[in-house]
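Written out below as structure tokens is the structure these notes cover.
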Amino acid sequence: MPAKLFAIGNPLLDISVTQGAEQLLEQYKLKANDAILAGPEHTPIYEQVRTTLQPLYLAGGAGQNTARAASYVLPPGSVVYTGSVGNDSFAQTLREANDKEGVESAYYVREQTPTGACCVLITGHDRSLVTNLAAAQEFSVEHLRTPEMKQKLNDASHYYIGGFFLTHGIESALEVAKHSSAANKTLAFNLSAPFIPQFFKDQVDQLIPYADIVFGNESEAEAYAQSHGLSDTSAKGVAKHIATLEKTNSGKDRIVVITQGAQETVVAIGNQSVTSYPVSPLSKDAIVDTNGAGDATAGGFVAAYVQGSTIPECVELGHKLGALCIQQNGPQLPYPKQI
Ligand code: 26A
């Protein structure tokens, strides 16, 4: 039986715009490179984008992007993804994208609430994400306790939790994490965005003891350092700190992977090592948009890890999928497959 990856997150449809994005950043006072939850002041943006611009509608949701990226390289039937969606055309688009990549959609379906959406504003190599979680935040731990989902949890050997899910789903995240730890399996977790370690610090701290692999980028590492009062806010310093935190599953060292865009990726393993891996530069012209690059990188790393590869090999596959992703629109990988 192939190794199985069970991923959980917020399934979202990305509504992506490039033409007119600059003006929207100004109008809604958004940072060019950021990820936020939409407040009431952002509500009109979705309608505005839909009616006045020509957006691309693409499957998104950070954890779901990682699940699809991992499935791009793993044998068919290796990845199952759950999260909460509505019963609508957005959910249908997400299912189709998962089907294409061989990911099983084990959604919790809410009849009365629309599927979540993320407005993606692309300016140059930056992307600003404004998310309306809608059905995604109605995920219930009860879904994980149904016989079908229990079976899927049991069948998995590896688990992946998107950090964004901690905005509402700590109970479900801990259910998955405890299952992984009790069965001595492998749990990967992604910090996802600076506001997660900043404003959801307690949830992050509750989850990390169960995590065997932690992903983040340089700004998430810095936000983690600030919210935890660490003096060393560098990628290396934070990677080392997180790698040596308490671990429920003490048989294996925690691996912390901090990406830094085109700069070297840092990997800390317990208190054994901190290693830097250079990224092969991609010409500026080759970059279409950076939305989903971190998710694809995590997907490549996890897929290689699931297959029993060495850490340098995991980093290499991560870098490869990250590079392929930024040469496409949004969180997509190329066909025919380039792997
Ligand atoms: C809770 N929030 C804010 C979010 C997200 C999110 N995925 C889950 N929860 N905000 C943005 N995204 C997704 O991140 C991907 C890029 O890494 C977007 O849908 C986008 O595809």
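Below, all heavy atoms of this structure are taken into account, side chains as well, without hydrogens, waters or symmetry copies. First listed ligand is number 1; within each ligand, the first listed atom is number 1.
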> Would you say the side chain of Val79 lies within less than 4.5 Å of the side chain of Glu101, judging by non-hydrogen atoms?
Replying inline: no
>> For Ser227, give me all partners under side chain to side chain donor-acceptor pair (under 3.5 Å), at least two apart in sequence or on another chain.
In response: none
>> How long is the straight-line distance from CD of Gln332 back to CZ of Arg68, given to the nearest 0.5 Å?
In response: 7.5 Å
>> Ignoring hydrogens, what is the shortest heavy-atom contact between Thr113 and Ala134? Give both atom names and the distance.
In response: CG2-C, 3.8 Å
Kindly print each ligand 1 N/O atom paired with any protein N/O atom under 3.5 angstrom away, one pair per line, or none if nothing qualifies.
unit_1	atom_1	unit_2	atom_2	d
ligand 1	7 (N)	Ala62	N	3.1
ligand 1	9 (N)	Asn10	ND2	3.0
ligand 1	10 (N)	Thr131	OG1	2.8
ligand 1	17 (O)	Asp295	OD1	3.4
ligand 1	17 (O)	Asp295	OD2	2.7
ligand 1	19 (O)	Asp14	OD1	2.5
ligand 1	19 (O)	Gly61	N	2.8
ligand 1	21 (O)	Asp14	OD1	3.4
ligand 1	21 (O)	Asp14	OD2	2.5
ligand 1	21 (O)	Asn65	ND2	2.9

> When you check the gap from the basic side-chain N to the acidic O, do Glu41 and Lys29 get nearer than 4.0 Å?
Replying inline: no
>> Donor-acceptor pair, distance only, cut-off 3.5 Å: does the side chain of Lys185 make one with the backbone of Asn154?
In response: yes
